[in-house]
Amino acid sequence: MSLSDEEGISVSLGSENPVYCCRRNIISLHPGEQPLCLFPWPQPIEEESFRGPRSCTRQGSGAPAPSSGSTIFALSSGQGRCGIAVIRTSGPSSAHALRSLTAPQDLPPARRACLRQLSDPCSGEPLDRALVLWFPGPQSFTGEDCAEFHVHGGPAVVSGVLQALGSVPGLRPAEAGEFTRRAFAHGKLSLTEVEGLADLIHAETEAQRRQALRQLDGELGHLCHGWAEILTKALAHVEAYIDFGEDDNLEEGVLDQATREVRELEVALGAHLRDARRGQRLRSGAHVVIAGPPNAGKSSLMNLLSRKPVSIVSPEPGTTRDVLETPVDLAGFPTLLSDTAGLREGVGPVEQEGVRRAQNRLEQADLILAVLDASDLASPSSCNFLDAVVIPTGARSPSPSGQRLLLVLNKSDLLPSNGPDPNPDLPPHLLLSCLTGQGLDDLLEALKKELAILCGDPSTGPPLLTRARHQHHLQGCLDALGHYKQAKDLALAAEALRVARGHLAHLTGGGGTEEVLDIIFRDFCVGK
Ligand SMILES: Nc1nc2c(ncn2[C@@H]2O[C@H](COP(=O)(O)OP(=O)(O)OP(=O)(O)O)[C@@H](O)[C@H]2O)c(=O)[nH]1
Ligand SMILES: [K+]
Ligand SMILES: [Mg+2]
């Protein structure tokens with residue numbers, strides 16, 4: 001059976017017999033809620049949020065949200081001297097702006113670059129010869145009428161064109177992220193795609209870029225959409241049972257089927273949540289902490305990996321006191337690399353404080369780079385470090401979300417060359433010489449493997465949860481499904497499904513609250 005209504009909801013119950021009509025239940029049982037379909041985005045952002053005048057509105061044909069009043073403009077390429085700078089506008093006065101600045105004044109054909117003379121509409125002063133493009137809404141990035149001016153990138157040209165646009169009635173400078181916000185409001189991007197776009201702009205490493213691109217492709221959103229559909233179907237089944245449970249016509253097993261589907265969804269969500277912080281680590285960097293006894297060469301390794309003199313290196317034990325940290329791209333993965341004080345006892349108060357800070361940082365580490373002096377393994381500080389840090393961490397069952405450790409024996413140049421491994425009893429380790437660079441390639445290879453486990457491989461597997469927000473809503477959804485299973489009453493069970501669905505809607509932006517939007521759009525620059 002298939003049910004549909006004028007709001008585009010379609011619920012298939014897999015039977016030829018029409019047994020009930022759920023339009024009344026689903027649409028009216030929870031007033032104020034959005035229709036069950038999450039796509040296209042049913043709730044446009046309030047016009048007020050654009051803070052623009054509410055004058056000339058021209059509905060973009062077919063766009064789900066009404067056009068906002070004002071027309072915005074901004075430099076969309078980077079600031080500073082460059083070959084070509086791209087300035088764009090979005091809003092109902094885009095066509096007027098384009099005509100006002102260009103000669104000849106006719107609009108170019110849609111989406112085709114045309115060479116035009118640009119001049120100031122007030123003074124008539126020539127500004128540049130530039131390529132201009134016209135994107136009538138809704139087939140544009142924002143869904144509104146948009147224009148682009150590809151001008152020569154000198155500061156005087158750019159400021160001249162921006163000033164000229166500002167003098168056109170109805171136009172005002174865009175705020176940070178406003179183009180993307182309009183795209184979201186017009187259903188051009190889901191919230192998770194917006195986040196992907198923000199991450200893409202800020203991506204600094206290969207792996208970050210790959211992850212952002214996948215999110216921009218909407219993979220996480222599509223996954224949530226599929227889950228929401230399962231919940232919608234289960235909810236329809238439960239509500240049918242509430243209304244027609246006594247009815248002989250109701251097909252058998254309707255409720256069982258709902259429960260079965262919920263259980264399958266629980267398994268899928270659980271697996272996804274076990275990905276834990278991997279996506280987030282990839283977005284904001286894994287914490288890699290260099291630790292070990294004094295003089296093992298921790299600071300030397302810090303400088304080697306970061307390719308800059310972050311830490312002071314000296315033959316004096318206890319040189320490093322504070323935690324020193326720097327962001328480093330390690331084998332394509334973003335990391336926050338920390339150098340710490342050598343761990344030892346019986347020292348003065350300043351070094352003691354350094355040791356306390358080092359221990360604190362060790363607890364927060366995703367990956368510990370444990371460094372020992374290969375020529376000094378029998379010293380008390382080496383033995384203590386092995387017993388207190390290396391062996392206990394290695395003994396813990398390794399999991400992607402748990403802490404990981406790589407043991408590095410530095411100063412291998414001091415060992416007799418080409419002999420057998422002098423330390424077969426130690427946990428698995430790598431030999432390195434910070435002095436000669438020998439063993440560095442092997443260390444980088446091992447780091448890459450560890451970071452891939454910690455951050456996940458962004459090119460394969462299911463899309464990762466890149467923000468705490470994603471994890472929060474998936475967990476909320478899972479918890480609600482738990483309540484569904486425990487509910488003794490069908491009305492409570494239906495409510496639990498609604499709560500679960502609400503969490504998925506929030507994740508993708510269907511139930512978008514202003515605060516979440518503000519936080520996400522704050523990440524954008526003006527012109528994006
Ligand atoms: N021969 C040799 N010396 C090294 C190597 N790595 C570091 N050293 C030397 O070992 C001494 C200590 O190096 P640091 O990098 O300051 O060691 P650290 O672990 O940071 O020391 P603290 O901060 O005092 O705990 C310095 O004199 C370095 O030049 C190496 O691979 N081979
Ligand atoms: K030192
Ligand atoms: Mg040091």
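Taking both residues in full, the closest heavy atoms of Met302 and Ser311 are given as CG-OG, 3.6 Å, listed atom of the first, atom of the second, then distance. Counting all heavy atoms, side chain and backbone alike, Val262 lies closest to Ala234 at CG2-CB, 4.2 Å. Heavy-atom minimum distance, Leu504 versus Cys477: CG-SG, 4.0 Å. Scanning all heavy atoms of the two residues, the minimum distance from Leu406 to Leu367 falls at N-CD1, 4.2 Å. Val158 and Ile87 make their closest contact through O-CD1, 4.1 Å (heavy atoms, listed as atom of the first residue, atom of the second, distance). Of all heavy-atom pairs between Leu343 and Val355, the closest is CD2-CG1, 3.9 Å.
Counting non-hydrogen atoms of neighbouring residues, nucleotides and ligands closer than 6.0 angstrom, the CD1 atom of Ile312 reaches no more than 12 such neighbours. The environment of CD in Gln438 is sparse: at most 12 heavy-atom neighbours from other residues, nucleotides or ligands sit within 6.0 Å. By the 6.0 Å contact criterion, NE2 on His150 is enclosed, its count of non-hydrogen atoms from other residues, nucleotides or ligands being greater than 12.
Residues Leu273 and Leu478 meet the side-chain proximity criterion, which asks for heavy atoms closer than 4.5 Å. Residues Leu305 and Leu444 form a side-chain contact, since some pair of their non-hydrogen atoms from C-beta on lies under 4.5 Å apart. Leu492 is not listed as a side-chain neighbour of Tyr484, based on a closest heavy-atom distance of 4.5 Å or more. The shortest side-chain heavy-atom distance between Glu148 and Phe135 falls under the 4.5 Å cut-off. Side-chain atoms of Ile391 and Pro427, non-hydrogen and from C-beta on, do get closer than 4.5 Å to each other. The shortest side-chain heavy-atom distance between Leu324 and Thr326 does not fall under the 4.5 Å cut-off. Within the 4.5 Å cutoff, no side-chain heavy atoms of Val371 are placed close to those of Leu409. By the 4.5 Å heavy-atom criterion applied to side chains, His483 and Gln486 are counted as neighbours.
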Just do the side chain to side chain contact (heavy atoms under 4.5 Å, CB included) check on Ile72 and Arg182 with the steps written out, would you? CA-CA 10 Å; Ile72 51 173; Arg182 288 187 176 199; 3.7 Å; yes
Candidate pair Thr180 and Phe141, rule side chain to side chain contact (heavy atoms under 4.5 Å, CB included), full reasoning: CA-CA 8 Å; Thr180 313; Phe141 172 67; 4.1 Å; yes
Stepwise side chain to side chain donor-acceptor pair (under 3.5 Å) check, Arg88 with Ser76: CA-CA 7 Å; Arg88 61 176 171 176; Ser76 286; 2.9 Å; yes
Would you please test Glu239 and Arg498 for salt bridge (charged side-chain N to carboxylate O under 4.0 Å, His left out) and show each step? CA-CA 11 Å; Glu239 293 193 335; Arg498 262 180 236 124; 2.6 Å; yes
Should Gln475 and His503 be marked as a side chain to side chain contact (heavy atoms under 4.5 Å, CB included) after you check the CA-CA gap, both sets of side-chain angles, and the distance that decides it? CA-CA 9 Å; Gln475 188 63 55; His503 277 289; over 6 Å; no
Residues Val238, Leu490; criterion side chain to side chain contact (heavy atoms under 4.5 Å, CB included); working and verdict: CA-CA 7 Å; Val238 173; Leu490 278 181; 4.2 Å; yes
Output, in order, the C-alpha distance, side-chain angles, deciding distance and verdict of salt bridge (charged side-chain N to carboxylate O under 4.0 Å, His left out) for Glu175 and Arg181. CA-CA 10 Å; Glu175 293 185 16; Arg181 194 160 188 153; over 6 Å; no
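For residues 371-382, every residue pair satisfying the salt bridge (charged side-chain N to carboxylate O under 4.0 Å, His left out) rule, not counting sequence neighbours, is listed here: Asp373-Lys411. Sequence neighbours left out, the pairs with a member in residues 328-338 that pass side-chain hydrogen bond (donor to acceptor under 3.5 Å, both in side chains) are Ser338-Arg361. The salt bridge (charged side-chain N to carboxylate O under 4.0 Å, His left out) contacts involving residues 306-323 comprise Asp322-Arg357, where partners must be two or more places apart or lie in separate chains.
To the nearest 0.5 Å, atom CG of residue Asp366 and atom CD1 of residue Ile453 are 12.5 Å apart. Atom OG of Ser412 and atom CG of Leu431 lie 5.5 Å apart (nearest 0.5 Å). Here the straight-line distance linking atom CG of Leu369 with atom CG of Leu405 works out to 8.0 Å at 0.5 Å rounding. With rounding to the nearest 0.5 angstrom, the OG atom of Ser433 is 7.5 Å from the CG atom of Leu414. The CG atom of Leu301 sits 4.5 Å away from the SG atom of Cys434 when rounded to the nearest 0.5 Å. Taken from CZ in Arg260 to CG in Leu255, the straight-line distance is 10.5 Å, to the nearest 0.5 Å.
When atom types are taken as modelled, the side chain of Asn410 and the backbone of Leu372 share no donor-acceptor pair closer than 3.5 angstrom. For Ser382 (side chain) and Ala378 (main-chain N/O), no donor-acceptor pair under 3.5 Å exists by modelled atom type. No donor-acceptor pair under 3.5 Å is formed between the side chain of Thr319 and the backbone N or O of Val313. Proximity of a side-chain donor or acceptor of Arg501 to a complementary backbone N or O of Thr232 within less than 3.5 Å is not detected. Not one N or O on the side chain of His237 forms a donor-acceptor pair closer than 3.5 Å with the backbone of Leu235. Judged by distance alone, the side chain of Asn303 and the main-chain N or O of Val310 form a donor-acceptor pair under 3.5 Å.
With sequence neighbours excluded, the residues satisfying side-chain contact (heavy atoms from CB on, under 4.5 Å) with Ala365 are Val289, Ile368, Gln403. In this view, Asp442 satisfies the side-chain hydrogen bond (donor to acceptor under 3.5 Å, both in side chains) rule with no residue, not counting sequence neighbours.
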Only pairs under 3.5 Å count here: list side-chain donor-acceptor contacts from residues 292-300, not counting sequence neighbours, and write none if there are none.
residue, atom, partner, partner atom, Å
Asn295, ND2, Pro315, O, 2.8
Lys298, NZ, Pro293, O, 2.8
Ser299, OG, Thr320, OG1, 2.8
Ser299, OG, Asp339, OD2, 2.6

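At a threshold of 4.0 Å, the pair Glu229-Lys233 does not count as salt-bridged, since none of the basic side-chain nitrogens sits closer than that to a carboxylate oxygen. At a threshold of 4.0 Å, the pair Arg356-Glu353 counts as salt-bridged, since one of the basic side-chain nitrogens sits closer than that to a carboxylate oxygen. Using a 4.0 Å cut-off between charged side-chain N and carboxylate O, Glu266 and Lys485 make a salt bridge.
Side-chain contact of Asn360 with Gln364: a donor-acceptor pair under 3.5 Å is absent, judged by distance alone.
Taking the six-membered ring where tryptophan is involved, the planes of His506 and His473 are essentially parallel, since the angle between them stays under 30° and well short of 60°.
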